Amino acid sequence: MFKPCRASEMVTPAIHQKPTYSPTHGRDKKTYTDAPRPNIRGKFKQKGTSEITANGVLVIQKETTFSTWYKSDLEGGDRLIIDGTAYEIKGDPENVEGRARYHVCTLKAIKGGA
């Protein structure tokens, strides 16, 4: 059985938040509220950086993963607050080997009110 990390390495605390949408002046405004049982622990790992040129502007992206115990309500588009920084989950979290034991999430940092 593949394990993304040892249980002793899951020491980084995170707060799980779910998006809620409310209509404001004809468009939906996204706000975040804490999920049921929002406190989770996992292994936070930055794999590296990549440089992309978009429309003549150099953009630096950091590849980040967060491995944690399986949580059934963890979905793409949710937000994790790790060390005061908000990270959005890209895509759906990977259910490792389909055993509902571990989740591996790919994260992107949210900056500038995006």
Side-chain angles (χ1 to χ4, degrees):
M1 181 172 100
F2 172 73
K3 294 182 181 180
C5 61
R6 295 188 307 264
S8 63
E9 295 175 333
M10 293 189 191
V11 295
T12 306
I15 298 173
H16 177 210
Q17 294 183 333
K18 305 278 279 168
T20 56
Y21 300 94
S22 60
T24 304
H25 302 294
R27 64 181 276 227
D28 289 336
K29 181 178 180 183
K30 187 192 308 190
T31 57
Y32 288 93
T33 57
D34 286 351
R37 300 181 63 189
N39 296 326
I40 58 177
R41 289 193 175 267
K43 180 180 180 182
F44 182 74
K45 184 176 184 181
Q46 290 185 336
K47 291 186 175 182
T49 59
S50 59
E51 296 179 357
I52 300 170
T53 304
N55 296 332
V57 178
L58 181 66
V59 178
I60 299 174
Q61 294 181 337
K62 293 182 180 177
E63 294 181 29
T64 306
T65 59
F66 188 75
S67 303
T68 186
W69 296 108
Y70 181 81
K71 189 175 180 192
S72 61
D73 63 343
L74 201 60
E75 303 174 326
D78 290 357
R79 184 164 81 169
L80 295 177
I81 307 293
I82 301 171
D83 203 20
T85 304
Y87 293 91
E88 186 175 342
I89 299 174
K90 291 181 1 181
D92 286 329
E94 178 187 357
N95 181 4
V96 177
E97 292 186 346
R99 294 180 180 219
R101 187 163 182 191
Y102 298 105
H103 260 153
V104 177
C105 307
T106 304
L107 305 176
K108 80 173 178 182
I110 301 170
K111 296 181 182 176

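This one's a predicted model, so the numbers in the text were calculated from it and none came from an experiment. The first residue of the sequence shown is numbered 1, and numbering continues consecutively from there.
- Nearest heavy-atom pair across G77 and E88 is CA-OE2, 4.0 Å.
- Atom-to-atom distance recorded for F66:CZ and I82:CD1 is 4.5 Å, nearest 0.5 angstrom.
- Note that CG of D92 is 7.5 Å distant from CD of E75, once rounded to the nearest 0.5 Å.
- Under the 4.5 Å side-chain criterion, counting only non-hydrogen atoms from C-beta, F44 is in contact with L107.
- Tested against E9, the residues K45, K43, K3 include a single side-chain contact (heavy atoms from CB on, under 4.5 Å) partner, K43.
- The shortest heavy-atom contact between Q17 and D34 is NE2-OD1, 3.2 Å.
- No side-chain heavy atom of V104 sits under 4.5 Å from any side-chain heavy atom of P93.
- Counting only heavy atoms from C-beta outward, the side chains of I15 and N39 approach each other to under 4.5 Å.
- Using modelled atom types, one side-chain atom of E97 and one backbone atom of F2 make a donor-acceptor pair closer than 3.5 Å.
- Distance check: Y87 OH to R79 CZ gives 12.5 Å after rounding to the nearest 0.5 Å.
- The aromatic rings of H103 and Y70 sit tilted relative to each other, their planes meeting at an angle between 30° and 60°.
- No donor-acceptor distance shorter than 3.5 angstrom exists from the side chain of S67 to the backbone of G42, with no hydrogens or angles considered.
- The two residues A100 and N95 come nearest to each other via the heavy atoms N-OD1, 3.1 Å.
- Here the side chain of T65 pairs no donor or acceptor atom with the backbone of T106 at under 3.5 angstrom.
- Atom-to-atom distance recorded for L74:CG and C105:SG is 4.5 Å, nearest 0.5 angstrom.
- Taking both residues in full, the closest heavy atoms of A7 and W69 are given as CB-CZ2, 3.8 Å, listed atom of the first, atom of the second, then distance.
- Under the 4.5 Å side-chain criterion, counting only non-hydrogen atoms from C-beta, T12 is not in contact with D83.
- Here the closest non-hydrogen pair linking P38 and K71 is CA-NZ, 4.2 Å.
- Counted within 6.0 Å of CG on D28, heavy atoms from surrounding residues, nucleotides or ligands total more than 12; the atom is thus considered enclosed.
- With a 4.5 Å cut-off on side-chain heavy atoms, R37 and H16 do not count as touching.
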